[in-house]
Trainee: 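Pasting a structure here, questions to come.
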Amino acid sequence: MLIGYYPTTVDAGALLEGVLHTYNGKGAGDNNTGRYSNPKLDALLLAARVELDSAKRVVLLEEVQLLIKEDIAIIPIHQQLPSWAMRKNVDTPARLDNGLDLRWVVVR
């Protein structure tokens, strides 16, 4: 499958929960079209979702990523790069979500 997924929160937990959490029909794993399932990963994502200490949360999400690597849960074969074009007199930062925020456009 080819998936383009970039959570607007710019948070690893949101991405991982949407793409690799066991699908439950209630929001978790809604984009897990390969139906990968690991109860330990699900528990870690749930713990990270409610963890208020950012250092502890990072440790939980790092453990999630190690599980993904060990399980070979996904095999990335292509990473799409955003394409942007500008005129010489127009500047704007390229966003990772390919969105355009007009507040940051500068026309000279």
Side-chain angles (χ1 to χ4, degrees):
M1 79 171 165
L2 177 63
I3 184 172
Y5 192 95
Y6 185 84
T8 56
T9 60
V10 193
D11 180 82
L15 169 74
L16 296 169
E17 187 171 329
V19 176
L20 290 171
H21 188 285
T22 301
Y23 175 76
N24 67 9
K26 300 175 184 173
D30 278 352
N31 291 293
N32 181 354
T33 56
R35 296 302 185 244
Y36 166 79
S37 181
N38 182 328
K40 184 175 179 183
L41 180 131
D42 296 346
L44 287 167
L45 285 173
L46 179 59
R49 186 191 316 160
V50 297
E51 180 56 63
L52 298 178
D53 182 318
S54 60
K56 290 178 183 177
R57 190 166 186 278
V58 166
V59 170
L60 290 166
L61 291 174
E62 286 174 347
E63 193 171 342
V64 167
Q65 292 178 57
L66 286 173
L67 274 176
I68 293 166
K69 182 180 175 184
E70 290 169 7
D71 283 356
I72 311 173
I74 54 174
I75 302 172
I77 57 172
H78 172 75
Q79 184 171 353
Q80 183 69 33
L81 298 175
S83 298
W84 284 80
M86 296 291 159
R87 294 179 66 120
K88 288 183 181 183
N89 66 328
V90 178
D91 289 316
T92 188
R95 293 171 33 150
L96 293 175
D97 65 355
N98 258 345
L100 176 62
D101 190 333
L102 294 175
R103 296 175 296 174
W104 303 109
V105 174
V106 176
V107 179
R108 296 184 307 278

Trainee: Is there side-chain contact between Leu100 and Val105, with heavy atoms separated by less than 4.5 Å?
Mentor: yes
Trainee: Would you name the heavy atoms of Ala12 and Leu61 that are closest together and state the gap between them?
Mentor: CB-CD1, 4.3 Å
Trainee: Taking Val90 as the starting point, is it possible to reach Leu102 by hopping between hydrophobic residues whose side chains are less than 4.5 Å apart?
Mentor: yes
Trainee: More than 12 heavy atoms of other residues, nucleotides or ligands under 6.0 Å from CZ of Arg87: is that the case?
Mentor: no
Trainee: Enter the distance from Asp101:CG to Thr92:OG1 here, rounded to the nearest 0.5 Å.
Mentor: 7.5 Å
Trainee: Below 4.5 Å, heavy atoms only, C-beta onward: do Val64 and Leu20 meet side chain to side chain?
Mentor: no
Trainee: Hey, what do you get for NE2 (His21) to CG (Leu44), rounding to the nearest 0.5 Å?
Mentor: 10.5 Å
Trainee: To the nearest 0.5 Å, how far apart are CD in Glu62 and CG in Leu60?
Mentor: 9.5 Å
Trainee: Please round to the nearest 0.5 Å and tell me the distance separating atom CG of Leu15 and atom CG of Leu45.
Mentor: 10.0 Å
Trainee: How long is the gap from CG on Asn38 to CG on Asp71, to the nearest 0.5 Å?
Mentor: 5.0 Å
Trainee: Tell me the closest heavy-atom pair linking Tyr23 and Gly29, and the distance in Å.
Mentor: CD1-O, 3.3 Å
Trainee: Applying a strict under-4.5 Å side-chain criterion to I, L, V, M, F, W and Y, I'd like to know whether Ile72 and Ile77 cluster together.
Mentor: yes
Trainee: Do any pairs count as a side chain to side chain donor-acceptor pair (under 3.5 Å) and have a residue in residues 40-52, sequence neighbours left out, and if so which ones?
Mentor: Glu17-Arg49, Thr22-Asp42
Trainee: Out of curiosity, does Tyr36 fall in the hydrophobic cluster containing Leu46 (side-chain heavy atoms, cut-off under 4.5 Å, transitive links)?
Mentor: no
